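Inspection log for the structure reproduced underneath, given as structure tokens.
Numbered from 1 within each chain, the chains take letters A, B, ... in sequence-line order. From a predicted model like this one, the values you see are computed outputs, not experimental measurements.
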Number of protein chains: 2
Amino acid sequence: MATPTTTRTGARSAGGDAGSDDAARTWSIAEVADEFGVTHRTVRHYEDLGLISPERRGTTRVYHRRDRTRLGLVLRGRRLGFPLEEIRTIIDLYDAPRGRRSQLEYVLGQIDERRADLEQRRRDLEAALAELDGFERRCRDDLSRMA
Amino acid sequence: MATPTTTRTGARSAGGDAGSDDAARTWSIAEVADEFGVTHRTVRHYEDLGLISPERRGTTRVYHRRDRTRLGLVLRGRRLGFPLEEIRTIIDLYDAPRGRRSQLEYVLGQIDERRADLEQRRRDLEAALAELDGFERRCRDDLSRMA
DNA sequence: CACGTTCTTGACGTTGACGTCAACGTAAAG
DNA sequence: CTTTACGTTGACGTCAACGTCAAGAACGTG
């Protein structure tokens with residue numbers, strides 16, 4: 001897969017003036033989809049939920065580096081088993097205004113909550129891994145005793 | 001809650017001969033449910049999926065220590081975001097026969113797969129925590145610059 | 001300019017993980 | 001013996017996270 005054969009259209013830079021190569025590149029929905037190993041339907045679903053908001057060139061979606069970054073965060077959150085709504089509130093936090101002090105303190109509070117959650121998960125994870133290790137040892141013992 | 005007022009029935013030991021106190025105790029569905037902070041519906045659902053299989057005293061479910069152990073594993077798996085079906089295959093692995101060598105080798109293979117999955121999750125988790133830390137630092141910097 | 005490819009917007013279907021409600025059994029308490 | 005609390009089996013509802021058509025629009029190519 002990903003062999004650069006014939007289909008190599010739409011790699012033009014976007015609206016600005018520069019045309020370097022990677023900073024101002026744009027991507028089609030198909031490109032981001034199979035770059036991240038998801039379907040276009042999934043990508044659109046995430047847009048419906050406000051997780052990403054690509055530019056529109058006419059009716060067509062145009063994805064920038066920012067969108068890919070966010071999509072990456074979403075998928076990591078998904079691998080960690082978070083519901084998409086929760087993921088949205090988290091990554092929205094990342095580029096929230098935080099101009100006023102109150103805003104900043106709210107954000108810091110949210111951070112603490114998130115961290116508590118993640119650390120609970122880490123405990124669960126370590127426990128699961130430890131059990132798995134112990135179980136493997138017992139299995140290997142059984143195996144060696146069979147010889 | 002859990003005040004030992006009037007309702008203190010059904011704490012008799014089960015079928016055997018001993019009657020110590022905690023090893024051979026049994027529990028009702030309501031007891032396990034609110035001990036683990038889930039509804040009775042959830043407990044029954046897990047039974048439907050074969051995650052636990054309590055004894056039946058007539059039609060009534062009677063839970064033993066084994067069931068509570070398994071329920072604990074299930075809920076940890078759930079906190080980690082695993083689908084229940086997958087959880088079942090994993091904890092079934094724990095008390096699989098593993099008498100013959102082939103069985104044992106199969107189990108060891110499964111263990112490796114599981115561990116790979118868990119370690120991917122750990123990487124995601126560490127990354128998320130690291131990002132969170134960095135983000136908090138930036139926020140605190142912003143805050144101190146506002147003074 | 002017809003054609004195939006890629007994209008679009010609906011809209012309904014599906015699966016997992018339960019919630020919820022109805023209707024009924026049963027055992028201790030008054 | 002009725003009440004009350006807890007338990008049981010269906011069966012349908014719901015919500016999230018997509019899958020899966022259907023039916024067009026837009027665009028480069030032979």
Side-chain angles (χ1 to χ4, degrees), chain A residues 2 4-12 26-63 67 71 73-91, chain B residues 1-12 26-63 67 71 73-91:
Chain A
T5 45
T6 46
T7 330
R8 226 62 208 305
T9 36
R12 283 266 63 75
T26 63
W27 290 263
S28 75
I29 190 170
E31 288 171 331
V32 298
D34 57 64
E35 172 175 355
F36 285 93
V38 296
T39 68
H40 76 290
R41 179 64 179 88
T42 299
V43 176
R44 277 184 43 214
H45 183 54
Y46 292 168
E47 182 177 351
D48 288 348
L49 298 186
L51 291 164
I52 45 183
S53 21
E55 194 199 329
R56 291 297 179 114
R57 196 102 56 187
T59 93
T60 309
R61 294 173 174 83
V62 175
Y63 296 85
D67 301 307
L71 184 50
L73 290 175
V74 171
L75 293 177
R76 194 179 63 195
R78 192 181 72 164
R79 285 195 301 272
L80 289 173
F82 287 99
L84 297 178
E85 274 299 321
E86 205 169 334
I87 295 180
R88 187 168 60 80
T89 72
I90 301 172
I91 68 183
Chain B
M1 324 101 167
T3 48
T5 46
T6 46
T7 330
R8 225 58 209 308
T9 37
R12 284 266 63 76
T26 63
W27 290 263
S28 75
I29 189 169
E31 288 171 330
V32 299
D34 59 64
E35 173 176 354
F36 285 93
V38 296
T39 69
H40 76 289
R41 180 64 179 87
T42 300
V43 176
R44 278 184 41 213
H45 183 54
Y46 292 169
E47 182 177 350
D48 288 350
L49 298 187
L51 291 163
I52 45 185
S53 22
E55 194 200 328
R56 291 296 180 114
R57 197 101 57 186
T59 92
T60 309
R61 295 171 173 84
V62 175
Y63 296 84
D67 301 308
L71 185 50
L73 290 175
V74 171
L75 294 177
R76 194 180 64 195
R78 192 181 72 164
R79 286 195 299 274
L80 289 173
F82 287 99
L84 297 178
E85 275 297 322
E86 205 169 333
I87 296 179
R88 188 168 60 79
T89 72
I90 301 173
I91 68 183

Any [X] side-chain nitrogen or oxygen under 4.0 Å from OP1 or OP2 of [N]:
| X | N | answer |
| --- | --- | --- |
| Arg57(A) | dA26(D) | no |
| Thr39(A) | dG19(D) | yes |
| Tyr46(B) | dA17(C) | no |
| Ser28(A) | dC7(C) | yes |
| Arg56(A) | dT9(C) | yes |

Interatomic distance where [atom1] belongs to [X] and [atom2] belongs to [N] [whole Å]:
| X | N | atom1 | atom2 | answer |
| --- | --- | --- | --- | --- |
| Tyr63(B) | dT8(D) | OH | C1' | 11 Å |
| Phe82(A) | dA16(D) | CZ | P | 18 Å |
| Leu75(B) | dC18(C) | CG | C1' | 13 Å |
| Phe36(B) | dC18(C) | CZ | P | 15 Å |
| His45(A) | dA11(C) | NE2 | C1' | 15 Å |
| Glu47(A) | dC18(D) | CD | C1' | 15 Å |
| Asp48(A) | dC18(D) | CG | C1' | 11 Å |
| Arg88(A) | dA17(D) | CZ | P | 11 Å |

*On DNA chain D, nearest-nucleotide positions of Glu85(A) versus Arg44(A): which is more 5'?*
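Per heavy-atom nearest nucleotide, the more 5' residue is Glu85(A).
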*Return the 5'-most residue of the pair Thr60(A), His40(A) with respect to DNA chain D, ranking by each residue's nearest nucleotide.*
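Taking each residue's closest nucleotide, the earlier one in sequence belongs to His40(A).
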*Arg41(B) or Thr59(A), whichever maps to the more 5' nucleotide of DNA chain C*: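 Result: Thr59(A).
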_Leu49(B) side chain, from C-beta outward: closest of dG7(D), dA17(C), dC7(C)_ =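 Side chain of Leu49(B) sits closest to dA17(C).
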*4.5 Å side-chain heavy-atom contact, Leu84(A) and His45(A)*: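 Side-chain contact under 4.5 Å: yes.
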*Determine, for Glu47(A) against Arg44(A), whether the closest basic-nitrogen to carboxylate-oxygen distance falls under 4.0 angstrom.*
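Looking at Arg44(A) together with Glu47(A), the answer is no, because their closest N to O distance does not fall below 4.0 Å.
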*Quick check: does any side chain N or O of Arg88(A) sit under 3.5 Å from a backbone N or O of Leu49(A), one acting as donor and the other as acceptor?*
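Present.
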*Is Glu31(B) reaching over with its side chain to a backbone N or O of Ser28(B), donor-acceptor style, under 3.5 angstrom?*
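Here the side-chain-to-backbone pair exists.
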*Has the side chain of Arg61(A) got a donor or acceptor that lies under 3.5 Å from a partner of the other kind on the base of dT8(C)?*
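No.
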*Roughly how far, to the nearest 0.5 Å, is CZ of Arg41(A) from CD1 of Ile29(A)?*
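The distance works out to 10.0 Å.
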